[in-house]
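Below, each value reflects all heavy atoms present in this structure, side chains not excepted, and no hydrogens, waters or symmetry copies.
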Amino acid sequence: MASGYNPQQIEEKWQRRWAEDKLYRVTEDSTRPKWYALTMFPYTSGDLHIGHWYAVVPADVHARFKRMRGYNVLHPMGFDAFGLPAENAAIKRGIHPFTWTMQNVDNMRRQLRSIGAIYDWSREVITCLPEYYQWTQWFFLKLYQAGLAYRDKAPVNWCANCQTVLANEQVVNGFCERCGTLVTRRDLAQWFFRITKYAEELRQHDGIDWPERIKIMQRNWVGKSQGAEIAFALDHPGVGEKEIRVFTTRPDTVFGVTFMVLAPEHPLVAELTASERLAEVEDYIERSRRRTDIERLATEREKEGVFIGAYVTNPLNGEKVPIWIGDYVLMSYGTGAVMGVPAHDERDFIFAKKYKLPIPVVIAPSDWQGGELEAAYTEPGVMVNSGRFNGLPSEAGIDAVCEYLEEKGWGKRAVSYRLRDWLISRQRYWGAPIPIVYCEKCGIVPVPEADLPVLLPENAEFKPTGESPLKYCPEFVNTTCPQCAAPARRETDTMDTFMCSSWYFLRYASPHYQAGPFAPDKLDYWLPVDLYTGGAEHAVMHLFYARFFVKALRDMGLVGFGEPFQRLFNQGVIIVERQKMSKSRGNVINPDAYVSELGADAVRAYLMFVAPWEQGGEWDDSGLSGISRWLNRLWHLVLAEYSPGEAAGAEAERALARITHQTIRKVTGDLERLRFNVMVSALMELTNYLAKVKEAGSVNKESWVGAIKTLLLLLAPAAPHLTEELWQRLGYAYSIHNQPWPEWDETLAQDEEVTLVVQVNGKLRDRLTVPVSITEAEAKELAQGSQRVRAHLEGKTVIKEIYVPGKLLNIVVK
RNA sequence: GGGGGAGUGCCGGAACUGGCAGACGGGCCAGACUUAGGAUCUGGUGUCGCAAGACGUGGGGGUUCGAGUCCCCCCUUCCCCA
């Protein structure tokens, strides 16, 4: 009798052997179709928990399946290694971010190896190494040259006491984390990428296979609205500006404007404020500085504002409109000014009620009697009190008003996006330095490509200031101007880490290429990514930035495609005790103990089985032991001596072939559609069936051997170590992972008999086992012969009979 | 407030384009083998009912010969945006 299943031994053994043989080493091969399967690379946080496994294992199973189906599969792995936690570790524990990060990489790489995936480790990328971030900086320069990178002022969190910039997480309830001083917002010159240039294209997802909800989220993120930009005339002594422009989606309501609201930081506020209002206005501006944008926009918050004592004129009706400031208007959206139409906008309605501003109706509800409104009416209606437009339906009015505005030169049709440019400056150490030099004479000077990388100095001081530590590193800051050689200063901010992950999938094609970020021929072979999998939390940020990057590179002629990820799939989340796993909750499941006790193969199979991949589910030890039992049973079944019994015969052999081929068909389809849970259950069913066959000895040796072989091949992607071991023990040639995927024969998979359901008035009355070839007439006759069916037909007239071939007969009676 | 999911036995979940609800696994119950069992094997397991049968996929309505599946309303819950 064979020895027992011992995953500890065989898993390590095969992992070593595969590595020695370079079994999963990938090179370009024009004779096979390529398949680029990418899993989002992990952040180097320290340990892989079971959630990481959940992201990684089914992706590996699918990649292995593709490999067996004859594809040349690239399935790489790497590490997203820059970012704040490394710097916090430096501050808290006095360990250098590089050391901390690389220790984590070592540990995570070890854990990832224990999974037994087909990663080609020679292609690993680590974003914090100079050989990588040199190209991150190179891309910055390319974007700068293309006019897609620019410097502008943007607000940051500022602590007046510490005299420093704070990161968002250092602001606790609006106060400085350390000294408790109220945090205000202050403008700082920072770098932006002009992602808004691609707003329209980023809304479209033509030709790519992405989940509908991710596409919707991205469209909402871009936030396109159509409407008009309208100039309200300004005539204010001593002010050069002659108009204030507002964007509105409702030009049909312009006759109902009774006030205008500017963002408190609007540049005209200082000039327009009447002296007697000054104190109140300044006080209001000061208070709104302390609020975050999210607070300012919160719908449940009371809308507040202050009249500044100035007016504009409504071009359509010539009325004087008082100017207010209100912090629910943001400078960064639209023009930083909105028109107030209280009768037809909820926020404006509340605002007008509070400050007793008039609320004239200009869009009449169908049942309107001319009275006052109880609440804002935002639906379509008929235009009233609107001069020449009276009587027009409001939907048609939008167009008519636009037409008129354009004719008179008072405004124009316009599109407004919610999307803002991407702020990439971080006042942090652990990131790729922005390759820019500031020179007294030459101004902003990009670092020449030949001088890359701009290395992060090792000896930076980590003060928990929130300000870039590079600022206090003279060897780094002080340099010479690349243009005029005069003394100059380096940019001390580093780049947002989303920048590193916006192009890493390009690097895997040629990770050691030194003449550029990628070798063009290799890129052409592998890209775009065929299947990209990862968590849905990256729906907007990472996936959005990566798409922007690729589109920008396409327009520079650097890549030949406009979408990086052909198909996107989001797996669900593994939860523990009904809660999301997190370090702070202390409910993180580390897979190492399970791997050493039950084996990686059992953990792999369990994660596939626990729930549909896109859904995720609860981690449950007892479910895992069920899988372990199955693999054990399978092990003994495969290695057991098989001897046909006296009852062995052709019918049972046909039945076994049928089940086997049906299983091939099912498993193939399930893997193709990433339905791993049902794939595993199909393999369990086949195992159970084989156990019965074995017990009965009902087939000849050849049939048995063939079925076992198929079972192993079908299981190989899911349980690579176990199947490799059994494959070898059965005497087949190494490696099972180089075998072609089994094909099914549709004829053999065909059922000979089916269960015909007989219903009377839609209620199940009998089940008949009939040959598949049964005709409608035969089926009806058989049904009539059924005692149980007849009982329900007695004394009734048959009105109609519905027959679904091979499935069902429904007799409708009265 | 807007957008998107999800509600099926005791539990995780099956059910392809409407056609046998509950596959597979866990748990539980009974039995076998055992010095022992958190091992292994066999059988059972939606609810009510002795049975025939009736009921049953969050609730209510609808379409249909037939609805877990399609349509409308409602409830619960999760995620994203505000």
Side-chain angles (χ1 to χ4, degrees), chain A residues 4 211-223 293-301 328 330 333 346-347 350 376 378 418 535-541 570 572-575 578-580 605-633 636 663 665-666 669-670 672-673 675-689 691-692 694-695 754-769 787-788 791-792 798-814:
Chain A
E212 204 52 44
R213 60 178 231 279
I214 302 292
K215 293 196 278 188
I216 290 167
M217 276 193 235
Q218 292 204 340
R219 277 202 293 274
N220 291 343
W221 187 256
V222 174
D293 288 1
I294 292 163
E295 279 171 341
R296 283 170 59 166
L297 291 172
T299 41
E300 57 272 16
R301 216 182 107 233
Y328 69 97
L330 297 182
Y333 289 142
E346 281 160 28
R347 289 186 307 181
I350 296 164
T378 57
R418 204 188 68 99
E537 66 273 21
H538 293 111
V540 278
M541 309 277 257
N570 297 114
V573 179
I574 292 288
I575 56 171
R578 312 182 60 84
Q579 289 191 310
K580 214 168 165 171
Y606 174 64
L607 287 174
M608 281 181 276
F609 186 64
V610 68
W613 197 28
E614 69 272 24
Q615 186 186 307
E618 175 97 20
W619 176 261
D620 174 16
D621 291 16
S622 63
L624 176 60
S625 60
I627 292 287
S628 198
R629 267 178 240 170
W630 167 51
L631 294 180
N632 243 303
R633 231 169 37 237
H636 290 291
T663 306
R665 183 173 63 189
K666 174 148 179 53
D670 288 341
E672 208 60 80
R673 291 179 297 157
R675 294 163 45 85
F676 302 101
N677 57 333
V678 284
M679 174 208 71
V680 172
S681 69
L683 292 176
M684 286 173 168
E685 282 180 87
L686 181 57
T687 312
N688 294 345
Y689 189 84
K692 288 212 174 72
K694 159 106 194 344
E695 192 61 34
V754 290
T755 305
L756 183 79
V757 172
V758 184
Q759 299 180 332
V760 177
N761 285 348
K763 283 193 200 297
L764 178 91
R765 293 307 173 192
D766 205 356
R767 294 180 235 254
L768 307 170
T769 303
Q787 203 56 252
R788 283 141 90 178
H792 291 91
V798 175
I799 299 170
K800 176 147 72 152
E801 286 173 304
I802 284 130
Y803 179 66
V804 182
K807 279 210 168 133
L808 162 147
L809 176 69
N810 187 11
I811 306 168
V812 186
V813 298
K814 208 158 82 179

Fill in: Pairwise P distance, B/G25 and B/C74 [rounded to whole Å]
42 Å
Practice prompt. Answer yes or no: does atom CD of A/Glu346 have more than 12 heavy-atom neighbours from other residues, nucleotides or ligands under 6.0 Å?
Written response: no
Worksheet item: Which one is paired to B/C55, where only Watson-Crick or G-U wobble pairs with both distances under 3.5 angstrom count?
Response: B/G46
Worksheet item: Does B/A32 have a Watson-Crick or wobble mate here (both distances under 3.5 Å), and if so which one?
Response: B/U40
Fill in: Salt-bridge present (A/Glu695, A/Lys692; N to O < 4.0 Å)
no
Worksheet entry | Base paired to B/G12 (Watson-Crick or G-U; both N/O distances under 3.5 angstrom) | B/C24
Item to complete: Measure the spacing between CZ of A/Arg213 and CE of A/Met217 and express it to the nearest 0.5 Å.
Response: 5.0 Å
Practice prompt. Report the distance from atom NZ of A/Lys694 to atom P of B/U42, rounded to the nearest whole Å.
Written response: 12 Å
Item to complete: Looking at every strand, decide which applies to A/Arg788 at a 4.0 Å heavy-atom threshold: base, sugar-phosphate, or nothing.
Response: nothing
Worksheet item: Which residue, A/Arg213 or A/Val610, contacts RNA chain B at a nucleotide closer to its 5' end, judged by nearest heavy atom?
Response: A/Arg213
Worksheet entry | Syn/anti state for B/G9 [syn: chi within 90° of 0] | syn
Discussion item. Distance check, rounded to the nearest 0.5 Å: A/Gln759 atom CD versus A/Arg765 atom CZ?
Written reply: 9.5 Å
Discussion item. Across nucleotides 18-30 of chain B, 5' to 3', mark each nucleotide with B, S or - according to how protein heavy atoms within less than 4.0 Å reach it.
Written reply: -BB--BBSSS---
Discussion item. Can you tell me the base-pairing partner of B/U64? Count Watson-Crick or G-U wobble geometry only, both distances below 3.5 Å, and say none if there is no partner.
Written reply: none
Worksheet item: Taking atom P of B/G13 as reference, at what distance in whole Å does atom CZ of A/Arg675 sit?
Response: 14 Å
Item to complete: Answer with base, sugar-phosphate or nothing: what part of the nucleic acid does A/Arg219 contact at a heavy-atom distance below 4.0 Å?
Response: nothing
Worksheet item: Applying the side chain to side chain contact (heavy atoms under 4.5 Å, CB included) test to A/Phe609, which of A/Val678, A/Leu683, A/Ile627 qualifies?
Response: A/Ile627
Worksheet entry | Intermediate values then yes/no, side-chain hydrogen bond (donor to acceptor under 3.5 Å, both in side chains), A/Arg633 and A/Asn688 | CA-CA 9 Å; A/Arg633 231 169 37 237; A/Asn688 294 345; 3.1 Å; yes
Response to the item:
Quick note, A/Arg418 side chain, CB onward, closest among B/G4, B/C81, B/C65 is B/C81
Discussion item. Rounding to an integer number of Å, can you tell me how far A/Arg765 CZ sits from B/A52 P?
Written reply: 13 Å
Practice prompt. Taking the side chain as every heavy atom from C-beta outward, state whether A/Lys215 and A/Arg219 have any atom pair closer than 4.5 Å.
Written response: yes
Worksheet, complete the sentence: pair_partner(B/U77), Watson-Crick or wobble, both distances < 3.5 Å, evaluates to B/G5
Discussion item. Closest-nucleotide mapping onto RNA chain B: is A/Met217 or A/Lys692 further toward the 5' terminus? I mean the 5' end.
Written reply: A/Lys692
Worksheet entry | Whole-Å distance separating the NZ atom of A/Lys763 from the P atom of B/A54 | 6 Å
